[in-house]
Structure formats: C-alpha cells, structure tokens
Asks: 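Okay, here's the structure, questions in a sec.
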There are 2 protein chains.
Amino acid sequence: MINSSKSVSLTSKTVQTGFSMNKNITLQDIAKALNISASTVSRALTDSYQIGAKTKKLVLDYAKQHHYVPNRMARGLKEGKSRSIGVLVCSIDNNFMAQMLDGIDQHCSERGYQIIIMQSKELYEQEKANVDLLYASGIDGLLISPSYQTVDFSHLTHLQELGVPVVLFDRLSKHIDTHKVAVDNFKGAYDATMHLINNGYKKIAHINWDTELSVATKRFEGYKQALEDSGIKLNNDWIKFIDTTNAETLTLQLDTALQELMDFRPSPKAIFTATDLISTKCLALLHKRGYSVPKDIALIGFSNTDLADVLNPSLSTVHQPSFEIGSLAAQQLLSLINGKDTNSFQTILLPTELQIRASSQPKN
Amino acid sequence: MINSSKSVSLTSKTVQTGFSMNKNITLQDIAKALNISASTVSRALTDSYQIGAKTKKLVLDYAKQHHYVPNRMARGLKEGKSRSIGVLVCSIDNNFMAQMLDGIDQHCSERGYQIIIMQSKELYEQEKANVDLLYASGIDGLLISPSYQTVDFSHLTHLQELGVPVVLFDRLSKHIDTHKVAVDNFKGAYDATMHLINNGYKKIAHINWDTELSVATKRFEGYKQALEDSGIKLNNDWIKFIDTTNAETLTLQLDTALQELMDFRPSPKAIFTATDLISTKCLALLHKRGYSVPKDIALIGFSNTDLADVLNPSLSTVHQPSFEIGSLAAQQLLSLINGKDTNSFQTILLPTELQIRASSQPKN
DNA sequence: CTGTTAGCGCTTTCAT
DNA sequence: ATGAAAGCGCTAACAG
C-alpha cells in the first residue's frame with residue numbers, strides 16, 4: 001500500500017506542490033530504486049571504509065535529489081546511541097540560563113548533537129522524573145544544573161553506572177564525581193566585596209540565596225574572606241538569606257530584608273548581592289523606596305543582564321562568562337561520551353569579571 | 001554476555017553503590033524474569049484494554065522496583081511517532097524568546113511531549129538544515145518562528161505534506177497555511193503611538209527593524225494609522241529602518257539613526273521603537289548622548305524586559321504575553337498532532353499590554 | 001486474558 | 001566491493 005508504485009499519485013488529497021503524500025523516503029527505498037542492497041546504501045551514506053566510488057556517488061546523488069534524511073530513531077536504536085544529549089536546568093526563563101544554553105547548543109549542534117532541554121523548576125522530584133525521561137529517550141549524556149532542593153545525587157550516579165556520562169555546570173556539588181564547570185564564585189564575591197571596601201565602604205551588608213548550593217555558599221565565603229582580610233568585623237544583622245524560587249516570594253522577602261537592613265542601627269552603607277535576580281530586584285526596590293544609590297546605599301551584585309548600563313543608576317556587577325560555561329560544559333560532556341579517559345575528572349572554574357558602574361561608586 | 005546471568009558482578013570495574021554495570025533493563029528482561037511473554041508485559045505497561053489485574057500489578061511492581069524505563073527510540077520507531085516536537089527559533093538567547101519557550105515547554109511536558117529546540121540564528125540555510133535534522137529525529141510536529149531571511153516556505157509546506165504538522169508563532173507569514181499564534185502587532189503599535197499623541201506629542205519618529213516580517217510591517221502600519229487617525233502628517237525623515245541581526249551593527253546603525261533624527265529640523269519630540277532590542281538600546285544610547293528622556297525626547301517601544309521599571313528613566317513599553325504565545329502555540333500544535341480537524345486553520349492574535357512608565361510622559 | 005509473530009529503519013557481521 | 005541476514009526494543013495484529 002505504501003510505496004506500492006513509483007508513480008506519483010495525482011489524486012491523493014491535498015496535493016499542493018506536486019508532491020505525493022508518500023511518507024519519508026527510507027534507505028530501503030533507495031536500495032530498491034537503485035537495485036542494490038540496503039547494506040550498500042547504508043555504507044554509501046555513512047561513508048564506510050570501502051565502497052565503490054561510482055556506487056557511492058550514485059547513492060548520494062539519489063539521496064540528495066530525493067531529499068533523503070536518515071531516521072534518527074532507527075539509527076539510534078541500532079547503535080545504542082542517539083547523538084542527543086539531555087540538558088536539565090532549573091528554569092529556562094532567565095537571561096543567564098539562556099546564555100548558557102546558547103553556548104551548549106552552539107557547541108553541540110556544530111558537532112551533530114541534538115540537545116533536549118528540560119526544566120526542573122527547582123523541584124527535586126521533577127528533576128528525577130526528567131532524568132528518567134531523558135534516559136528513556138536515549139540520551140548519550142547529561143548536562144545538569146541541579147535544582148536547589150537536590151541533596152541526594154543517586155539519580156545521577158545511577159545514570160553514570162548505566163553508562164551515561166554526566167557533567168555538572170553552573171551549580172556544582174561534591175556528591176558526585178565527574179567533570180564540573182562553573183565560575184570561581186568565591187573569587188567573584190571576594191572581588192566585589194573588596195571593590196566596595198576599596199571605595200571606602202566598611203559597613204557592607206550581604207543578601208544571598210537561602211540554599212546550600214555552592215553557588216551561594218562560596219559567594220558568602222568570598223564576602224566573609226574579603227571582610228576578614230580587611231580587618232572588618234562581620235555583622236550578622238547585615239546578612240540576609242532569602243528564598244528566590246519564585247518572583248513573588250522573592251520580592252516580598254527582599255523588600256522586608258531591605259527594610260530591616262535600612263532601619264537597623266548602625267545601618268549598612270553598601271550591599272553585596274549574590275544572585276542576578278536579587279541584584280536587579282534590589283535596585284528596583286531601593287529605587288521604589290526612594291533611596292538614592294549609591295548615595296544612601298551602594299550596591300554591587302552578581303548579574304548578567306545586558307541592561308546594567310541603562311539601569312538607574314547603572315549597576316556594578318560581577319559578570320559571568322555564561323556562554324563559555326555552557327560551551328565548555330558541552331565540550332567536557334562530549335569528550336566523555338566519545339570515550340576520553342574518565343579517570344581524571346576535573347572541575348573547571350572560569351574567572352568572573354568585575355564590571356564597575358555607578359551603583360558602587362564612593363559616597364562623595 | 002549481556003545479562004547472561006542474574007548474579008551481580010562484584011568484580012566489574014568502578015562498582016560504586018552495589019549496582020552492576022548491567023545496562024538498562026528492557027521489556028524483554030521483565031518478560032523473562034516473570035516468565036511471561038513480551039507482549040503481555042507491553043500490555044501491562046501501556047495499560048492496554050484487557051490484561052489480568054494480577055499480571056498487570058506483577059509487571060508494574062517489577063518494573064518500578066527495577067527502575068524500568070521504556071526505550072523511547074524503540075517505541076518511536078515502532079509507532080512512527082516520537083512524542084517529541086521540534087521548536088525552531090532564531091535565537092534562544094533573549095528574554096522574550098526564553099519566556100515563549102518556557103510556555104511551550106510547560107504545555108508540552110505536562111502532556112508527555114519532549115521538545116527539541118534548535119536555533120536558526122536568523123539564517124535561512126540553517127533553518128532548512130535544522131528542519132531536516134528535526135524531521136530525521138522523528139518529531140511529531142514543528143513549532144517555528146521563522147528566520148527573518150525566510151521568504152520561501154517550501155521546506156515547511158513540504159513537512160506538512162510529509163504529515164508533520166507545523167505551527168507558526170511570534171513571526172507569522174501568509175506563505176503557509178496552518179495555525180498561527182502571535183500578538184496583534186498592529187494594535188500594539190497603534191496603541192503606543194496613540195498614547196504618545198494623547199500625551200501631547202505630534203512629532204513622533206519611528207525606528208523599526210529592516211525586514212519584511214509581519215512583526216515589523218504590522219507595527220509600522222499601526223504607527224502610520226495612529227498618525228493618520230489623528231490628522232498628523234507622516235514625515236519620512238523621522239522613520240528609520242535598521243539591521244538588528246547582531247548587536248554591533250544594531251548599535252552602530254541605531255546610533256547613526258538617532259543622531260540623524262536629533263539633528264534633523266524640525267526634530268521629533270518622541271520615538272516609537274518597534275522591537276525589544278531597539279527599545280532598550282535606544283534608551284541606552286540616548287542616555288549616553290546626554291539626552292534627557294522624556295524631556296528632550298520621549299520614548300515608548302515594544303519590550304518584554306523585566307527591568308523596565310528600573311531603567312533610567314523607567315521605560316514605557318508595549319508588553320507581549322510571551323508565555324501565553326508559547327503555550328497557545330504548543331496547544332495548537334498538539335491538537336493538530338492528535339488529529340483535530342485540520343480543515344480550518346486559525347490565526348490567533350493575542351492582545352498586547354501597554355505599560356506606561358516615565359519615558360513617555362508629557363513634556364511638562 | 002495471553003502467547004506468537006512480524007516488522008518499524010537502520011547498521012553490521014559474515015559471506016561471497 | 002557488495003549482498004544476505006540478524007537484531008536493536010518495542011507494539012500490534014492475529015491466534016488461541
């Protein structure tokens with residue numbers, strides 16, 4: 001019934017451009033049309049080691065002309081690999097993540113790998129379910145930035161045992177042994193805090209994300225270290241941890257935190273914020289509350305927004321090489337997939353970049 | 001060799017948690033272990049119409065216990081569908097797109113569909129190649145926001161003929177007949193321009209994207225219509241079209257355009273910008289050139305940035321329901337995939353939202 | 001209700 | 001250099 005005849009059916013319904021409704025042409029179709037065996041076609045198509053030059057050209061020409069495109073599922077099923085990798089992130093819906101995904105996609109698609117992106121929405125259970133789904137779809141490897149809930153990494157080590165390499169990016173954990181790619185959060189935070197100190201600020205508050213993830217803890221440590229190295233005593237009343245998982249809680253908690261900070265005596269004269277969302281939202285809330293930045297309070301924070309220059313005032317940031325994080329992580333994963341030695345897992349920490357703008361200028 | 005024995009090999013290398021290196025458990029494995037046929041297992045797993053309750057429970061329990069997860073490639077190959085859809089966009093690396101992708105992902109993943117995202121980077125050839133790749137991977141449908149180069153849509157109509165439904169989102173075209181989802185760009189532009197006029201502005205410039213895409217042309221028309229309806233004569237010297245495909249050209253051309261606009265006599269007193277990038281960049285450049293907004297020149301433009309409130313000054317925008325565009329488009333595609341009648345393709349135009357802030361306030 | 005059989009499209013020995 | 005045949009994991013007639 002299908003392909004029963006070579007003649008183009010002009011009566012098939014919804015003919016629009018002269019094409020018949022014939023489904024995808026398969027390797028078998030080519031074999032039949034050319035009166036050669038399927039294996040020969042396969043060899044020609046995959047550029048096998050030995051194949052007649054003319055046969056090869058014949059096949060290739062026919063394939064191109066008829067717009068043949070190999071069935072990835074069949075090939076994947078046969079080979080036990082899919083040339084696709086899973087990318088599991090908390091949320092796709094923010095600029096920083098989009099930039100990293102861009103880096104991942106760039107690297108992978110140039111090498112013929114497809115990426116399947118899934119979101120955990122910061123939910124551990126969702127993350128586990130997605131890992132299963134990805135595994136089921138035959139991914140050759142997984143790139144993951146774990147949810148902030150994730151403390152048990154057995155779903156990932158299990159994947160490794162199944163032969164699927166895993167690479168962590170952005171958010172790292174010591175609970176799994178593999179390649180990891182992120183920025184040097186400690187140093188980034190240290191630099192930012194030091195910058196404030198160098199600009200004459202001593203009363204420096206810190207607002208961070210309420211999580212055990214190293215992205216947060218390292219930045220907190222960098223902050224503390226900078227203070228310590230400068231002989232400034234830590235003031236716990238100036239340190240706030242807030243829940244950033246959704247926009248509303250974030251705004252609410254941040255607003256409260258800010259109010260407490262500004263009302264406290266002695267009040268801090270500068271803030272170092274640890275995440276993109278906190279930084280920009282902090283600026284907005286300060287603005288709304290009528291505080292002048294940096295006159296009333298200076299601000300610097302981690303953020304990758306393109307709009308830092310246009311903000312009011314322009315926002316000093318610790319900028320992360322997001323695209324590079326993504327492409328490097330992808331590179332590490334592909335090298336794992338393609339059998340580079342798995343003995344020596346490495347953790348790559350890229351440098352952050354301090355971008356000084358108006359919000360962190362000296363008070364006078 | 002594989003699965004030759006049920007005994008856990010304790011000598012296999014890199015045993016970490018007591019798991020053997022056995023690969024994924026298959027449906028066949030379950031059948032063997034339970035001494036039933038593969039089809040029975042399959043039926044139990046797929047919740048087939050008639051299957052013994054105890055057998056079913058037996059299988060399900062065993063499957064869960066052994067963490068069985070069906071091979072999606074095998075299933076896809078067999079069924080001729082993959083429960084995955086392709087999403088082809090110009091670039092993932094911007095907030096607006098990320099929001100739409102979030103909407104798509106949400107809708108699809110809730111219904112068991114995987115999405116495969118690819119980027120055309122505004123290149124027609126790349127778009128065509130990606131369509132092939134997606135088709136090869138067995139997508140059940142395609143969601144696409146075409147590259148700005150795309151004028152020939154035969155790669156998409158061909159896909160339709162092959163039986164793969166296509167839905168356009170954000171960027172629409174009349175060259176293909178299918179479901180389409182976007183916002184009412186004409187009205188959004190009309191409203192924005194009208195808002196400026198209502199605020200007392202009559203000399204209104206317009207900066208748009210240099211493309212034939214309807215997103216651009218409709219917005220231009222909305223602008224013109226608002227002027228006409230208000231009895232304001234169009235001044236072609238106040239209308240600029242620029243190339244926004246990469247950040248550098250954009251900045252360069254926009255800067256030039258702005259300079260020409262401000263130097264021209266009579267000079268415009270307000271600008272309506274047609275795209276996200278142009279709007280925010282415009283504000284930045286005006287700021288850099290020392291113009292005061294809205295005192296020297298008012299500004300309103302299409303943009304979905306979360307930071308509009310914090311910009312300097314806060315930016316009046318035409319805001320698009322990005323998440324809804326994505327999820328609606330996904331919904332339309334899934335209904336096509338699942339055989340809802342394809343006779344009556346519809347174009348859904350969501351309303352935009354005018355968000356008035358400081359940049360468009362009356363001059364005095 | 002369950003087992004047998006065939007086959008989705010492709011690659012890959014093993015022959016020739 | 002090419003062909004024949006087997007099989008990846010799964011589902012779906014078709015029997016019983």
Side-chain angles (χ1 to χ4, degrees), chain A residues 1-3 22-60 63 66-84 135-140 162-163, chain B residues 1-3 22-60 63 66-84 135-140 162-163:
Chain A
M1 189 162 65
I2 296 175
N3 284 340
N22 285 341
K23 294 288 291 182
N24 29 347
I25 159 174
T26 75
L27 180 147
Q28 292 282 356
D29 296 336
I30 301 182
K32 257 173 240 158
L34 265 35
N35 260 317
I36 54 180
S37 79
S39 19
T40 304
V41 178
S42 173
R43 279 190 271 258
L45 257 20
T46 55
D47 202 19
S48 173
Y49 60 115
Q50 265 168 332
I51 173 103
K54 34 327 192 40
T55 325
K56 181 167 164 184
K57 181 166 168 29
L58 194 69
V59 171
L60 257 33
H66 291 256
H67 203 73
Y68 167 75
V69 25
N71 183 314
R72 225 170 151 132
M73 285 186 291
R75 185 177 278 179
L77 179 58
K78 177 64 189 176
E79 294 193 324
K81 51 178 52 188
S82 60
R83 285 188 82 83
S84 74
Y135 178 63
S137 67
I139 54 166
D140 295 342
L162 255 17
Chain B
M1 189 161 68
I2 296 176
N3 283 341
N22 285 342
K23 294 287 291 184
N24 29 345
I25 160 176
T26 75
L27 179 149
Q28 291 283 356
D29 296 335
I30 301 182
K32 256 173 240 159
L34 264 37
N35 260 318
I36 54 180
S37 80
S39 24
T40 304
V41 178
S42 173
R43 279 190 272 260
L45 257 21
T46 55
D47 202 20
S48 175
Y49 60 114
Q50 263 167 333
I51 174 100
K54 33 329 194 38
T55 325
K56 182 166 162 183
K57 180 166 169 30
L58 195 69
V59 171
L60 258 32
H66 290 257
H67 202 74
Y68 167 75
V69 27
N71 183 315
R72 218 167 157 134
M73 285 187 290
R75 186 176 278 180
L77 179 58
K78 175 65 188 173
E79 294 194 321
K81 52 177 54 187
S82 59
R83 286 188 83 83
S84 74
Y135 178 63
S137 65
I139 53 166
D140 295 342
L162 255 19

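Below, chain A is the first sequence line, B the second, and so on; all start at residue 1. If you're wondering where the values come from, they're calculated on a predicted model, not measured in any experiment.
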Asks: Is the shortest side-chain N/O distance from B/Tyr68 to OP1 or OP2 of D/dG9 below 4.0 Å?
Replies: no
Asks: Can you tell me which nucleotide in C/dT2, D/dG3, C/dT11 comes closest to the side chain of A/Arg43?
Replies: D/dG3
Asks: Let me know, please, whether B/Lys78 or B/Asn35 comes out on the 5' side of the other along DNA chain C by nearest nucleotide.
Replies: B/Asn35
Asks: Is A/Ser37 near enough to D/dT2 that one of its side-chain N or O atoms lies under 4.0 angstrom from OP1 or OP2?
Replies: no
Asks: Let me confirm one number: the OG-CE distance from B/Ser137 to B/Met73, rounded to the nearest 0.5 Å.
Replies: 11.5 Å
Asks: Is A/Leu45 touching bases, backbone alone, or none of the nucleic acid, heavy atoms closer than 4.0 Å?
Replies: nothing
Asks: Return the value, rounded to whole Å, for the distance between atom NZ of A/Lys81 and atom P of C/dG9.
Replies: 23 Å
Asks: To the nearest 0.5 Å, tell me how far B/Lys32 NZ sits from B/Ser37 OG.
Replies: 12.5 Å
Asks: Are OP1 or OP2 of D/dG3 and a side-chain N or O of A/Thr40 less than 4.0 angstrom apart?
Replies: yes
Asks: Between A/Ile51 and A/Val59, is any pair of side-chain heavy atoms under 4.5 Å apart?
Replies: no
Asks: Measuring to OP1 and OP2 of D/dT11, would you say a side-chain N or O of B/Ser39 lies under 4.0 angstrom away?
Replies: no
Asks: Whether the side chain of B/Arg72 engages the backbone of B/Arg83 through a donor-acceptor N/O pair (distance < 3.5 Å, no angle test) should be reported.
Replies: yes
Asks: Look at the side-chain N and O atoms of B/Thr55 and state whether any lies under 4.0 Å from the OP1 or OP2 oxygen of C/dC1.
Replies: no
Asks: Output the distance between atom OG (B/Ser82) and atom CG (B/Asp140), rounded to the nearest 0.5 Å.
Replies: 4.0 Å
Asks: Within this structure, what is the CG-NZ distance for the pair B/Leu77 and A/Lys78, rounded to the nearest 0.5 Å?
Replies: 12.0 Å
Asks: Which nucleotide, C/dT11, D/dG9, C/dT12, lies nearest any side-chain atom of A/Thr46?
Replies: C/dT11
Asks: Provide, to the nearest angstrom, the distance between the CG atom belonging to B/Leu34 and the P atom belonging to C/dC1.
Replies: 18 Å
Asks: Which part of the nucleic acid, if any, lies within reach of B/Gly52 when heavy atoms closer than 4.0 Å are counted: base, sugar-phosphate only, or nothing?
Replies: sugar-phosphate
Asks: Report the distance from atom CD of B/Gln28 to atom P of D/dC10, rounded to the nearest whole Å.
Replies: 8 Å
Asks: Choosing from D/dC10, D/dT2, C/dT11, which nucleotide comes nearest the side chain of A/Ile51?
Replies: D/dT2
Asks: Could you check how far CG of A/Asp29 sits from C1' of C/dC8, rounded to whole Å?
Replies: 13 Å
Asks: May I ask you to list the residues of residues 70-77 of chain B, by number, that have any heavy atom positioned under 4.0 Å from an atom of DNA chain D?
Replies: B/Pro70, B/Asn71, B/Ala74, B/Arg75
Asks: Check the distance between C/dG9's P and A/Arg83's CZ and give it to me in whole angstrom.
Replies: 22 Å
Asks: Please report the interatomic distance CG(A/Leu45) to CG(A/Leu27), rounded to the nearest 0.5 Å.
Replies: 6.0 Å
Asks: So, for A/Ile25 and A/Tyr68, which heavy atoms are closest and what is the spacing to 0.1 Å?
Replies: O-CD1, 3.3 Å
Asks: What integer distance in Å separates B/Leu27:CG from C/dT5:P?
Replies: 17 Å
Asks: If you check the A/Glu79 side chain, which of C/dT12, D/dA12, C/dT2 turns out closest?
Replies: C/dT12
